[in-house]
Amino acid sequence: MSHVPVPGTRHGYLGRLWEELDAVGIRGRTRERILLEAADHLAEGEEAEFGDPGELAQLFADELATQATTRAAFAAFAALGLAGAGFAAGWILLVLRGSADITSASFLPAGLVAAFALVACPQISFAAGLLALARAVRLQRLRAAPAAELALLARRTNTALTFGAVTLVAFAVYAVDYHAAFARWQVVAGATGSLALLLPLAAAAVASRSAIAVRSSVPGGAGDMFDDLPIVLPRRPWRICLAFAGALALLLLAAGGLDEGPRNAVAEFLLVAGSFAALGRRLGLREAQLQ
Amino acid sequence: VLKGHLDGLVLAALEGHPAHGYGIIRRLRLRSSEVFRLAEGTVYPTLHRLERDGLVTSRWTSESGRRRRVYRLTRAGREALLVRRLEWRTFAGAMEAVLG
């Protein structure tokens with residue numbers, strides 16, 4: 001469809017419909033198409049029979065919000081998958097010649113922060129991305145999902161993208177700050193590659209921002225993790241979190257041996273429990289905050 | 001009650017005859033002997049959703065200088081209509097049997 005000015009949108013019914021569509025976040029080609037169809041309809045029909053512009057705009061928004069938010073979540077997960085694959089490849093590339101001594105950074109505080117971020121942020125991004133994916137799969141079957149559910153989905157998506165982006169930046173900082181431990185080509189390839197991978201994440205973030213702009217009015221609660229899982233679990237989020245953290249810690253204990261195992265296990269347990277405490281409500285792992 | 005069946009009604013109105021939004025409203029009124037009088041604009045969110053779901057397709061046409069969006073059923077739309085008819089007949093038969 002070509003972009004053409006819709007006649008009659010400055011005043012009257014079409015003008016009010018234009019404003020109402022704008023108010024619920026429907027813009028661009030979608031709004032243009034709605035207005036063109038309305039203009040054609042009203043050339044034969046009566047305005048009074050067409051319905052209230054506000055109610056009509058909200059009807060569109062209720063359905064489009066669900067579609068846009070779930071699509072944005074799928075796009076974000078795909079972008080994160082690409083970033084994750086690039087991150088793994090970059091990590092392998094960087095440690096070809098062995099890992100850097102943690103104290104060998106050019107600027108130690110930045111190196112330490114980057115190293116911590118490289119451990120914590122990918123895990124948080126992955127968890128938030130999986131939660132977003134689970135909810136998007138469930139909501140895509142609904143015609144118009146509750147606004148609170150969509151808001152939680154958007155929060156998960158944005159959290160996954162934010163922590164994914166921080167991971168990539170931390171990787172670039174790590175490569176540069178510990179450059180003495182690596183070959184020059186490794187530093188350049190690692191830093192530029194990780195920063196280039198920010199582009200798909202940025203594109204997904206833009207899509208998510210556009211999706212949030214479309215405002216659903218469908219009532220209902222935000223739900224939590226238990227509504228999204230395909231299996232039924234007892235609604236005891238903290239117990240499940242601690243069991244999960246414990247299982248991960250045991251895995252790391254077994255993998256790390258006597259030297260590094262206990263340290264890694266304790267660090268992972270604290271990381272998972274701490275992240276749950278800090279982000280559990282935001283991500284709907286336990287009862288979500290209302291908008 | 002009508003809202004819950006709008007998808008099926010719109011699909012039925014398009015069966016065999018492509019139409020624009022206003023034409024669909026007119027068919028619904030005529031076939032229902034003016035009983036189905038819904039806010040006419042509400043047919044458009046339904047049409048857009050049916051298109052997203054692949055049950056109808058649409059394209060812009062030009063009639064006497066006017067641009068009109070004409071909708072037609074897809075194969076999936078025809079199949080969906082058959083399913084909705086079957087469901088409705090089962091439901092209506094059960095209601096008839098109960099209400100007498």
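The figures here come from the full heavy-atom set of this structure, side chains too, leaving out hydrogens, waters and symmetry mates. Just so we're on the same page: letters track the sequence lines, and every chain starts at 1. Keep in mind the model is a prediction, meaning the values are calculated, not measured.
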Of all heavy-atom pairs between B/Arg67 and A/Leu36, which one has the smallest distance, and what is that distance? NH2-CD1, 3.9 Å
Do you know which of B/Glu51, B/Arg59, B/Arg26, B/His20 has the most heavy-atom pairs under 4.5 Å to chain A? B/Glu51
Is A/Glu49 close to B/Arg37 at the side-chain level, that is, under 4.5 Å between some pair of heavy atoms? yes
Exercise: identify the closest heavy-atom pair between A/Arg33 and B/Ser58: NH2-OG, 3.6 Å
Within a radius of less than 6.0 Å around CZ of A/Arg209, do more than 12 heavy atoms belonging to other residues, nucleotides or ligands occur? no
So does B/Arg49 pair up with A/Glu63, basic N to acidic O under 4.0 Å? yes
Could you grab the distance from atom CG of A/Leu64 to atom CZ of B/Arg52, nearest 0.5 Å is fine? 5.0 Å
Please report the closest heavy-atom contact between B/Gly21 and A/His41, naming both atoms and the distance. C-ND1, 4.1 Å
Which of parallel (below 30°), tilted (30 to 60°) and perpendicular (above 60°) describes A/Phe50 and B/Tyr44? tilted
Are there more than 12 heavy atoms of other residues, nucleotides or ligands under 6.0 Å from atom CZ of A/Phe226? yes
Heavy-atom pair with the smallest gap, counting every atom of A/Leu56 and B/Thr42: CD1-N, 4.0 Å
Give, as side chain, backbone, both or neither, the part of B/Ile25 having an atom under 4.5 angstrom from any heavy atom of chain A. side chain
Look at atom CD of A/Glu46 and say whether more than 12 heavy atoms of other residues, nucleotides or ligands are closer to it than 6.0 Å. no
Looking at B/Arg68 and A/Glu37, is any side-chain nitrogen of the basic one under 4.0 Å from a carboxylate oxygen of the acidic one? no
Salt-bridge test for A/Arg143 and B/Asp7: reply yes if a basic N is under 4.0 Å from a carboxylate O, no otherwise. yes
Closest non-hydrogen atom pair between A/Gly51 and B/Ala39, with its separation: CA-CB, 4.0 Å
When the 4.5 angstrom heavy-atom criterion is applied to A/Glu55 and chain B, the contacting part is neither
For the CZ atom on B/Arg29, are there more than 12 heavy atoms of other groups (residues, nucleotides or ligands in this structure) within a distance under 6.0 Å? yes
Do A/Gln67 and B/His48 come within less than 4.5 Å of each other through their side chains, counting heavy atoms only? no
